[in-house]
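Throughout, protein chains are lettered first and strands after them, A, B, ... in sequence-line order, and every chain is numbered starting at 1. Being a predicted model, the structure only gives us computed values, none of them experimental.
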Number of protein chains: 2
Amino acid sequence: MAAPATVPCCAPIAREPISESDAAEAAVLLKAVADPVRLRLLSMIGSHAGGEACVCDLTGAFDLTAPTISHHLKILRTAGLIDGERRGTWVYYRIIPEAVNKLGALFTPLGDAAPVLLPA
Amino acid sequence: MAAPATVPCCAPIAREPISESDAAEAAVLLKAVADPVRLRLLSMIGSHAGGEACVCDLTGAFDLTAPTISHHLKILRTAGLIDGERRGTWVYYRIIPEAVNKLGALFTPLGDAAPVLLPA
DNA sequence: CATATAGTTCGATTGACGTCGAACCAAGGA
DNA sequence: TCCTTGGTTCGACGTCAATCGAACTATATG
């Protein structure tokens, strides 16, 4: 049998030294997520029914003012982790799965994380 | 046959809202890794022959002074991502696989990342 | 003991980040 | 048209974080 070309050993980051530019790129994504509020926002958006959440669904969960929540959402959006769309009175945010997968791929052995994120 | 109890859909963080305390805990880990220098340090340590790297192997790769590298290593160590040990003249750092796996588990679908990190 | 080398700790500086209040824009009724 | 509600942008403030030079600790060696 064909021996596996690469032994499935460690997380990609622990297999070979990450390049300077890859590190910079990954750090942007990680910085966006390295905050308790943004982590919860991301999680609340991703796990909300229909795959999207209105800002009004989010603010209530925090002891923070609306501008602050908006600020954090903007950071997540700028990093490419979420996308927002206005429909009538409300603004709805949705997760961008590829960006989340990029994060997982950094630290997870056996690279191929399931490409599925939304059932259809 | 028994249907899978949970459909392997999305990253854990996108399956259900992360708790406030879990978010805080994860953010500590993520903050430690959300820096290009520390990301590269972690990667260089993890991918170095023997699973450990001397500080002297690391400093040369950066345009930073020794105190700064030491500072970043301390942050990684405090976060529980690496461990350091002095042997004679040099100090050797090693990755703590469980911590890295925790990071991967946050963003990777199908939870069970391979438990293997070092061949033995 | 003196000296050299490897790393860390300390103190200071500079820039980035999280937060808020106030002002502003967008949409939907009276 | 005016008012209300939902969100964002702006400006400012306080805190934290990255970096450096200088001083310090630890080990080895002459």
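- Atom pair A:Ile69:CD1 and D:dG7:P shows a separation of 11 Å (rounding to whole Å applied).
- Atom NZ of A:Lys102 sits in a sparse spot, with 12 or fewer heavy atoms from other residues, nucleotides or ligands closer than 6.0 Å.
- The backbone N or O of A:Ile13 lies less than 3.5 Å from no partner atom in the side chain of B:Ser47, so there is not a single donor-acceptor pair.
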- Item | Letter per nucleotide, 5' to 3', of nucleotides 19-30 of chain C [B base touched, S only sugar-phosphate touched, - untouched; heavy atoms, 4.0 Å] | BBBB----SS--

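- Side-chain atoms of B:Pro97 and B:Val100, non-hydrogen and from C-beta on, never get closer than 4.5 Å to each other.
- Closest to the A:Cys54 side chain, of the nucleotides C:dG18, C:dT8, D:dG7, is D:dG7.
- B:Arg77 forms no cation-pi arrangement with B:Tyr93, by the criterion of a distance under 6.0 Å to the ring centre and an angle within 45° of the ring axis.
- Side-chain atoms of A:Leu81 and A:Leu103, non-hydrogen and from C-beta on, do get closer than 4.5 Å to each other.
- A straight line from CD1 of A:Ile82 to C1' of D:dT8 spans 13 Å, rounded to a whole angstrom.
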- Could you please spell out the steps behind the side-chain contact (heavy atoms from CB on, under 4.5 Å) verdict for A:Val33 and B:Phe107? CA-CA 11 Å; A:Val33 127; B:Phe107 303 107; 3.6 Å; yes

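- Using a 4.5 Å cut-off between side-chain heavy atoms of Ile, Leu, Val, Met, Phe, Trp and Tyr, with links allowed through other members, B:Ile95 and B:Ile75 fall into different hydrophobic clusters.
- In this structure, B:Tyr93 reaches the C:dT8 phosphate: one of its side-chain N or O atoms is under 4.0 Å from OP1 or OP2.
- As judged by a 4.0 angstrom heavy-atom cut-off over every strand, A:Arg87 is placed among residues making no nucleic acid contact.
- Proximity of B:Lys74 to the phosphate of C:dT8: no side-chain N or O atom is located under 4.0 Å from OP1 or OP2.
- One atom, CZ of B:Phe62, and another, P of D:dC20, lie 12 Å apart when rounded to the nearest Å.
- Looking at which nucleotide of DNA chain D each of A:Lys31 and A:Asp57 is closest to, the 5′-most match is held by A:Asp57.
- Heavy-atom distances to DNA chain C give each of A:Arg38 and B:Val55 a nearest nucleotide, and the one nearer the 5′ end belongs to B:Val55.
- Between B:Trp90 atom CH2 and C:dT8 atom P the separation is 14 Å, expressed in whole Å.
- Atom-to-atom, CD of B:Glu85 to C1' of D:dT27 comes out at 15 Å; the value is rounded to the nearest Å.
- Counting only heavy atoms from C-beta on, B:Ile75 has its side chain closest to D:dA18 among C:dT8, D:dA18, D:dG7.
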